[in-house]
Amino acid sequence: MSSLRLGDTAPNFKATSTAGQIDFHEWLGESWGILFSHPADYTPVCTTELGTVAKYKTAFEERNVKVAALSVDGLESHQGWIKDINETQNTTVNFPLIADEDRKIAGLYDMIHPNADSKLTVRSVFVIGSDKKIKLTITYPASTGRNFDEILRVIDSLQLTAYHKVATPANWKQGEDVVVSPAIATEDIPDLFPKGHQVIKPYLRTTPQPNLN
Ligand code: BEZ
């Protein structure tokens with residue numbers, strides 16, 4: 001059991017999946033990644049979640065993100081369930097489902113929370129950068145399906161703030177103004193952010209999103 005924190009390297013593993021044998025780091029390559037666990041195959045909320053992720057294929061590709069799902073069910077169970085997901089969610093599952101029957105990966109990523117359920121994985125989400133570092137962790141309970149729009153929104157923020165000296169305010173969405181990093185002196189803002197800026201307080205300076213025309 002390990003507890004992963006932001007900035008840690010996402011542990012590598014080899015696994016059996018519906019897309020064949022995977023070496024996780026090799027499979028990620030230069031891409032960003034999302035590794036997310038679900039409690040069990042053939043369950044209603046999980047069925048809607050995996051169907052939703054399949055429909056977001058283009059959104060993930062646009063952001064150079066590869067997605068893999070995981071549960072402690074076996075490969076045969078995953079393969080059978082995918083047929084149900086495709087049928088009921090009107091989609092085609094287009095990402096690997098990892099079979100973690102021996103709970104090795106669940107242990108590496110601390111996906112089993114014994115006081116919630118001693119055997120099943122909770123709904124964990126790990127966003128992993130192209131440097132293989134963990135950029136985001138979210139844990140949802142079994143009874144709550146995830147909001148994948150929120151996960152895309154955070155990836156947009158992570159990818160923006162990785163390349164520009166900005167941060168994104170509460171409820172920020174693509175196209176909205178961003179906050180200038182506190183490390184930037186106010187007198188340096190015009191050179192760095194030629195689209196303009198507003199000084200609301202000396203520590204709260206905003207500017208239009210810098211990577212849009
Ligand atoms: C579900 O995915 O529907 C689910 C899984 C485990 C517990 C409750 C709901």
Side-chain angles (χ1 to χ4, degrees), residues 1-6 10-11 13-22 24 27-28 32-61 63 65-128 134-156 158:
M1 208 272 286
S2 79
S3 185
L4 292 173
R5 296 177 176 174
L6 302 189
F13 56 81
K14 289 186 169 57
T16 304
S17 85
T18 53
Q21 291 294 316
I22 284 185
F24 188 53
W27 176 78
L28 283 171
W32 286 58
I34 296 177
L35 178 64
F36 71 108
S37 56
H38 57 274
D41 294 356
Y42 295 104
T43 49
V45 176
C46 302
T47 300
T48 63
E49 286 192 315
L50 272 71
T52 299
V53 170
K55 289 178 188 160
Y56 280 39
K57 181 182 168 62
T58 309
F60 290 125
E61 280 176 357
R63 292 163 175 83
V65 178
K66 287 184 163 183
V67 181
L70 175 148
S71 80
V72 296
D73 295 298
L75 189 61
E76 232 176 87
S77 165
H78 282 350
Q79 284 163 336
W81 181 41
I82 282 176
K83 290 184 198 146
D84 282 5
I85 299 170
N86 291 346
E87 176 198 327
T88 62
Q89 307 304 302
N90 198 21
T91 190
T92 302
V93 170
N94 42 34
F95 54 90
L97 268 64
I98 292 168
D100 188 33
E101 283 181 287
D102 60 6
R103 298 172 169 73
K104 228 162 74 191
I105 304 162
L108 277 177
Y109 280 81
D110 196 18
M111 289 166 165
I112 294 179
H113 296 195
N115 291 329
D117 191 300
S118 62
K119 292 202 189 82
L120 303 179
T121 39
V122 289
R123 295 188 200 282
S124 299
V125 184
F126 293 90
V127 173
I128 298 157
I134 294 186
K135 306 294 182 188
L136 171 82
T137 65
I138 322 182
T139 307
Y140 291 71
S143 52
T144 306
R146 282 160 279 210
N147 182 334
F148 290 94
D149 287 326
E150 166 61 4
I151 292 163
L152 283 177
R153 189 191 76 86
V154 180
I155 289 171
D156 285 342
L158 283 164

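Each ligand, and each atom within it, is numbered from 1 in the order the structure gives.
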From Ile98 atom CD1 to Asp73 atom CG, the distance as rounded to the nearest 0.5 Å = 13.0 Å
ask   = Atom CZ of Arg5 and atom CG of Asp110: how far apart are they, to the nearest 0.5 Å?
value = 11.0 Å
task = Would you tell me whether His38 and Asp41 have side-chain atoms, one donor and one acceptor, within less than 3.5 Å of each other?
result = yes
Numbered atoms and elements of ligand 1 in range of Pro44, under 4.0 angstrom, heavy atoms = 1 (C), 3 (O)
task = List every atom of ligand 1 that sits less than 4.0 Å from any heavy atom of Val45, numbering the atoms from 1 in the order shown and giving each element.
result = 1 (C), 2 (O), 3 (O)
ask   = Which residue supplies the protein heavy atom nearest to atom 4 (C) of ligand 1, what is that atom called, and how far is it?
value = Arg123 NH2, 3.5 Å
query = Is there a nitrogen or oxygen of Ala142 sitting under 3.5 Å from a nitrogen or oxygen of ligand 1?
reply = no
query = For ligand 1, is there an N or O atom under 3.5 Å from any N or O atom of Ser143?
reply = no
Contact partition for Pro39 relative to ligand 1, non-hydrogen atoms under 4.0 Å = side chain
ask   = Hey, what's the ring geometry for Trp81 with Tyr42, parallel, tilted or perpendicular (30° and 60° as the breaks)?
value = tilted
task = Please work out which of the three classes, parallel, tilted or perpendicular, describes the rings of Phe24 and Tyr109, given edges at 30° and 60°.
result = perpendicular
